[in-house]
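Side chains are part of it too, since the values below use all heavy atoms of this structure and drop only hydrogens, waters and symmetry mates. As the structure lists them, so they are numbered: ligands from 1, and atoms in each ligand from 1.
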Amino acid sequence: MESKFLKILNKKNRSKIVCLTAYSKNIAKIIDNHSDIVLVGDFLGSVLYNYKSTKSVTIDMMIEHSKSVRKGVKKSLMVVDMPHNTYRNSNEALKNAKKIIQKTKCDAVKLEGGKKIYHMIKVLVKNKIPVMGHLGVLPQSAKSFKAKGKKLSERNNLLKDAKVLEELGVFSIVLECVESSLAKEITKNIRIPTIGIGASIHCDGQVLVTDDLIGLNPIKVRFVKRFANITKEINTAIVKYKNEVKNKKFPKKVNSF
Ligand code: KIV
């Protein structure tokens, strides 16, 4: 059987890769029917816990949410973010990646950065731990969330970083808020797929935070498109429930013992 990784790699230049985030089983189950990759991203710190940055997310939080997601993901490739301060050196990276894989049974881990984390990625790949890269805006260390790749020096560094990650053996790279023409150039210049978020149509695939696209997380940023307003749907259902409770219409006999 073609491995899940080969399937993703083979999509390059053929068909777009669909990637979405999930933090729990029920949403993961819905997404799994339609996506190639399900990502348990550390942006859950902001979406679920109201943290100002992903820096406060812990490995235990990632593991608990991933265990729930694992129960909903059957066919997609499941990737889990290694959170801030869990891969500061190769030993730490290996210990924590093994812990995440062993406890969550995910297929791969994602780390933010290029040549700065060369040794950490190298040790993971050497130990047969599949790695997804992440370049551009790096929320775990970013001082600003401005798009990357407008300055020539930044463009050259990002191109070099993408090459470094490819040579290290990562199976794909998330490009976050990378300027369109640079995302196109990176995508053309490496053999592994790029997955964009705010990085244009030129990437091999796209990722969005599911809570943003279904309108559950009230974020307003340029790269998010809201495909549904689930908050409105939930509100309507809750109001109906409230009214039936108040008016003694629920529960009926059929709902009682
Ligand atoms: O944490 C996350 O959800 C991510 C995506 C935005 C790519 O890293």
Side-chain angles (χ1 to χ4, degrees), residues 8 16-24 27-28 31 35-59 61-66 68-69 73 76-87 97 100 104 106-114 117 121 130-142 144-148 158 161-162 165 170-178 183 186-187 192-200 203-214 216-227:
I8 303 285
K16 294 282 185 187
I17 296 163
V18 177
C19 177
L20 282 167
T21 64
Y23 310 137
S24 60
I27 291 274
I31 292 172
S35 65
D36 302 297
I37 302 173
V38 174
L39 170 69
V40 187
D42 62 356
F43 196 60
L44 64 78
S46 156
V47 176
L48 301 182
Y49 297 92
N50 247 14
Y51 293 166
K52 291 235 168 354
S53 93
T54 56
K55 289 191 180 88
S56 313
V57 174
T58 65
I59 191 165
M61 288 163 75
M62 294 306 296
I63 288 172
E64 287 314 306
H65 283 284
S66 301
S68 174
V69 169
V73 176
S76 309
L77 189 88
M78 179 177 155
V79 181
V80 175
D81 260 343
M82 291 192 66
H84 183 57
N85 281 351
T86 61
Y87 51 98
I100 290 173
T104 71
C106 67
D107 300 299
V109 289
K110 176 162 81 61
L111 283 73
E112 293 182 6
I117 56 163
I121 294 186
V131 176
M132 181 184 235
H134 185 144
L135 296 174
V137 168
L138 307 177
Q140 289 176 11
S141 53
S144 107
F145 284 77
K146 278 196 218 129
K148 298 281 174 194
L158 274 169
D161 274 346
L165 291 185
V170 310
F171 74 91
S172 71
I173 306 175
V174 166
L175 297 180
E176 181 163 348
C177 298
V178 170
I186 292 174
T187 302
I192 51 170
T194 56
I195 313 286
I197 175 159
S200 86
C203 295
D204 297 301
Q206 298 293 325
V207 56
L208 274 184
V209 171
T210 302
D211 296 56
D212 296 346
L213 85 90
I214 62 174
L216 192 56
N217 189 41
I219 194 172
K220 278 203 182 105
V221 288
R222 178 170 165 166
F223 57 80
V224 171
K225 179 172 172 183
R226 193 177 286 176
F227 289 82

Ligand 1 N/O to protein N/O, distances under 3.5 Å:
unit_1, atom_1, unit_2, atom_2, d
ligand 1, 1 (O), D42, N, 3.1
ligand 1, 1 (O), D42, OD1, 3.2
ligand 1, 1 (O), F43, N, 2.9
ligand 1, 1 (O), D81, OD2, 3.2
ligand 1, 8 (O), K110, NZ, 2.9

**Asked** Taking atom SG of C106 and atom CG of L39, what is their separation to the nearest 0.5 Å?
**Response**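 Between C106 SG and L39 CG, I get 10.5 Å after rounding to 0.5 Å.
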**Prompt:** Going by heavy atoms in the side chains, are M62 and T86 under 4.5 Å from each other?
**Reply:**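 No; the side chains remain at least 4.5 Å from each other.
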**Asked** Considering residues at least two apart in sequence or located in another chain, which fulfil the side chain to side chain contact (heavy atoms under 4.5 Å, CB included) criterion with D36?
**Response**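 Listed in chain order: I8, K11, I17, V18.
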Tell me which donor-acceptor pairs under 3.5 Å the side chains of residues 216-224 have, and how far apart each pair is, sequence neighbours excluded?
unit_1, atom_1, unit_2, atom_2, d
N217, ND2, D212, OD1, 2.8

**Message:** Distance alone, cut at 3.5 Å: any donor-acceptor contact between the side chains of K110 and H134?
**Reply:**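 Their side chains do contain a donor-acceptor pair, which is all the 3.5 Å distance test asks for.
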**Asked** Looking at residues at least two apart in the chain, or sitting in another chain, which of them share a salt bridge (Lys or Arg N to Asp or Glu O under 4.0 Å) with D42?
**Response**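 In terms of salt bridge (Lys or Arg N to Asp or Glu O under 4.0 Å), with neighbours along the sequence ignored, D42 is linked to no residue.
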